[in-house]
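Notes follow the structure.
Chain A is the first sequence line, chain B the second, and so forth, proteins listed ahead of strands; every chain is numbered from 1.
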Number of protein chains: 2
Amino acid sequence: MVAGTRAERQARTREALVSVARELFLRDGFAATSLDRVAVEAGFSKGAVYSNFSGKEELGLAVLDDLHSEQVTAAAAAMEGKHTLDETLDALAWWAREHLGQPKWTALEVEFASIARHNRFVAEQIAARHRVVREAIEALVHKGVAELDVDPALPAEKIATIVLSLSIGLGAQRSLDAGIDLDVFAATLRQLLIPRPE
Amino acid sequence: MVAGTRAERQARTREALVSVARELFLRDGFAATSLDRVAVEAGFSKGAVYSNFSGKEELGLAVLDDLHSEQVTAAAAAMEGKHTLDETLDALAWWAREHLGQPKWTALEVEFASIARHNRFVAEQIAARHRVVREAIEALVHKGVAELDVDPALPAEKIATIVLSLSIGLGAQRSLDAGIDLDVFAATLRQLLIPRPE
DNA sequence: GTCTATAAATCGATAGAC
DNA sequence: GTCTATCGATTTATAGAC
C-alpha cells in the first residue's frame with residue numbers, strides 16, 4: 001500500500017497525469033496526443049483522466065500552468081544577483097537560448113490557443129494566464145530598472161508585452177528552423193532599457 | 001460553357017479552393033476545417049481537392065503563400081511615400097492595428113506550424129517561407145533606412161527577425177485577448193531605428 | 001479532372017462494474 | 001476514484017464511375 005490519504009493519492013494521480021501530459025503535449029503537440037496515450041503512459045486508464053479533469057481542455061490548462069510558472073521562475077532566477085545591465089542582458093540571452101532554443105512550449109502555447117479559439121471559456125482562461133505572465137515580466141522589469149539604474153524607453157507594461165511577444169514569436173519560428181537568431185531577444189531588451197538620445 | 005482551356009479551368013478550380021480554404025482556415029483554424037467543407041463551399045467535391053493538391057498539408061502551404069505575399073505587399077504599401085521616420089512609424093502602427101488586430105493569420109501560421117512539426121518536409125517548407133518573409137522585411141528596412149536617413153541600432157537582418165517575431169507573438173495574444181497593446185509594435189521599431197546614445 | 005461512395009482509423013466522451 | 005467496454009461522430013484518403 002502506497003502511503004497517504006485518499007486525497008493525497010488522488011493528488012499524486014493528478015500530478016502524474018499532468019506530468020505525462022506535459023511531456024507528450026510538448027513532444028507531439030496537443031491535438032496529436034490522445035487522452036488514452038496520456039493515461040496509459042502514466043500508468044492509469046482513460047477513466048482516471050476524466051475523474052480528475054473535466055476533459056482534454058482542462059488538462060491542457062493544467063499543463064500550461066505548470067509551464068508558465070517554470071518559465072517565469074527560470075527568468076527571475078537568471079536575473080538574480082546581477083549588478084550591471086550587461087550582466088543581466090547576458091543572463092537573459094542565456095535564458096532565451098535555453099528556453100526558446102528548445103521551444104516546444106511556445107508551439108504548444110499557440111497550438112492550444114488556436115484550438116481553443118472557438119471556446120470562449122478556454123480562450124478567456126488562456127488570456128488570463130497570459131496576463132499573469134505579462135504582470136510577472138513587468139515586475140521583473142521594475143526590479144531590474146531599480147537595481148540596474150537604467151532609464152527604460154517604454155513603460156514596463158509595454159516592455160512586458162514586447163518580451164512575451166518576442167518569446168512566442170521566436171519560439172514559434174525556432175520550432176521549425178534551428179537557424180533562428182535568438183540573440184535578438186537580449187538585443188531588443190538592450191535597446192528598450194537604454195534611454196534613447198535627445 | 002465557361003471560357004478557357006482545360007488548364008485555365010483547372011487553374012480557376014485551384015484558385016477557388018485556395019480562396020475558400022483561406023477563408024475557412026482563418027475563421028475556424030486548420031485542424032477544425034475539413035477538406036469536405038472546403039470543397040463543398042467552393043462548389044466542388046472532395047475529389048477536386050485531391051486532384052489539385054497532394055493532401056491537406058499542401059493546400060495549407062498554398063494558403064500560407066497567399067497570405068504571406070499579401071502581408072508583405074500591404075506593409076510595403078504602407079511605407080510608400082513616407083518621408084520622415086514619424087510618418088513611417090505611424091504608417092507601420094496602422095499596419096499593425098489593421099493586420100495584427102485581425103490576427104487570425106498568425107494563429108493559422110503557428111497552428112499549421114505546430115501541426116506540421118513532425119513532418120520534416122512541411123516543416124522545411126514553412127521555414128523556407130519564413131525566410132522569404134524575413135528577407136522581404138529586411139529589404140523594407142534597408143529601403144527605410146536609406147530614405148529616412150536613420151541609423152539603426154541593429155543590422156537589418158536582426159530587425160527583420162524581431163519584426164516577424166513581434167508580429168507572430170502579438171497576433172497570437174491578440175487572437176485571444178482584444179486588449180493587447182498593438183502599439184508596442186511601432187514603439188519597438190522606433191527604438192531600433194533610432195541610434196542609441198554614445 | 002471531378003464526383004460518388006466507402007474504407008479505415010482515430011479519438012473524445014460516457015455508462016456501468018468494482 | 002479508477003477501470004473496462006463501447007458509443008458516436010469525424011475525417012483523411014482512396015477506388016472506381018463518368
Side-chain angles (χ1 to χ4, degrees), chain A residues 1-21 24-25 27-63 111-112 114-119 121-122, chain B residues 1-21 24-25 27-63 111-112 114-119 121-122:
Chain A
M1 164 81 97
V2 184
T5 64
R6 273 185 300 275
E8 286 167 347
R9 268 187 287 119
Q10 187 172 1
R12 270 199 297 275
T13 299
R14 195 187 150 97
E15 281 168 26
L17 288 171
V18 170
S19 171
V20 170
L24 295 180
F25 286 171
R27 198 187 65 194
D28 301 329
F30 180 75
T33 301
S34 71
L35 290 182
D36 189 71
R37 183 98 195 267
V38 172
V40 169
E41 208 134 321
F44 298 92
S45 74
K46 217 172 9 172
V49 175
Y50 284 95
S51 297
N52 286 276
F53 302 91
S54 68
K56 196 179 187 183
E57 287 165 344
E58 195 184 304
L59 179 59
L61 288 173
V63 169
E111 182 197 358
F112 191 42
S114 68
I115 285 174
R117 236 170 45 188
H118 285 80
N119 181 329
F121 174 74
V122 179
Chain B
M1 167 80 98
V2 184
T5 65
R6 275 185 299 275
E8 284 167 349
R9 268 186 287 121
Q10 187 170 0
R12 269 200 297 277
T13 299
R14 196 187 151 98
E15 281 168 27
L17 289 171
V18 170
S19 172
V20 170
L24 294 180
F25 287 172
R27 196 186 67 195
D28 302 330
F30 180 76
T33 301
S34 70
L35 290 183
D36 190 69
R37 184 95 195 270
V38 172
V40 169
E41 208 132 323
F44 298 91
S45 76
K46 219 172 8 174
V49 175
Y50 284 96
S51 296
N52 285 277
F53 302 91
S54 69
K56 196 179 186 182
E57 286 163 345
E58 196 186 304
L59 179 58
L61 288 174
V63 169
E111 183 198 358
F112 190 42
S114 68
I115 286 174
R117 236 171 45 192
H118 285 81
N119 181 328
F121 174 73
V122 179

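Taken from OG1 in Thr13(B) to CZ in Phe44(B), the straight-line distance is 3.5 Å, to the nearest 0.5 Å. Taking CG from Leu24(A) and CD from Glu41(A), the interatomic distance works out to 5.0 Å, rounded to the nearest 0.5 Å. In this structure, CG in Leu35(A) is found 10.0 Å from CZ in Phe53(A), a value given to the nearest 0.5 Å. With values rounded to the nearest 0.5 angstrom, Arg9(B) atom CZ is found 8.0 Å from Arg12(B) atom CZ.
The CZ atom of Phe53(B) sits 16 Å away from the P atom of dT14(D) (whole-angstrom rounding). Straight-line distance from the CZ atom of Arg37(B) to the P atom of dT12(D): 12 Å, rounded to whole Å. Rounded to an integer number of Å, the gap from Asn52(B) CG to dC3(C) P is 10 Å. In this structure, CG of Leu59(A) is placed 15 Å from C1' of dC11(C), rounded to the nearest angstrom. Going from atom CZ of Arg6(A) over to atom C1' of dG1(D) covers 10 Å, rounded to whole Å.
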Between N or O atoms, less than 3.5 Å apart, protein on one side and nucleotides 12-18 of chain C on the other: list the pairs.
from	atom 1	to	atom 2	distance (Å)
dG12(C)	OP1	Lys56(A)	NZ	2.7
dG12(C)	OP2	Leu35(A)	N	3.0
dG12(C)	N7	Lys46(A)	NZ	3.3
dA13(C)	OP2	Tyr50(A)	OH	2.8
dA13(C)	OP2	Lys56(A)	N	3.4
dA13(C)	O5'	Tyr50(A)	OH	3.4
dA13(C)	N6	Lys46(A)	NZ	2.5

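Comparing atom distances between the Ser51(A) side chain and each of dT2(D), dC3(D), dT2(C) picks out dT2(D) as nearest.
Contact between the side-chain N/O atoms of Thr13(B) and the OP1/OP2 oxygens of dG1(C) is not found at any separation under 4.0 Å.
At a threshold of 4.5 Å between non-hydrogen side-chain atoms, the residues Glu111(B) and Phe25(B) do not count as touching. Looking at heavy atoms from C-beta onward, Glu8(B) lies in side-chain contact with Thr5(B) at the 4.5 angstrom threshold.
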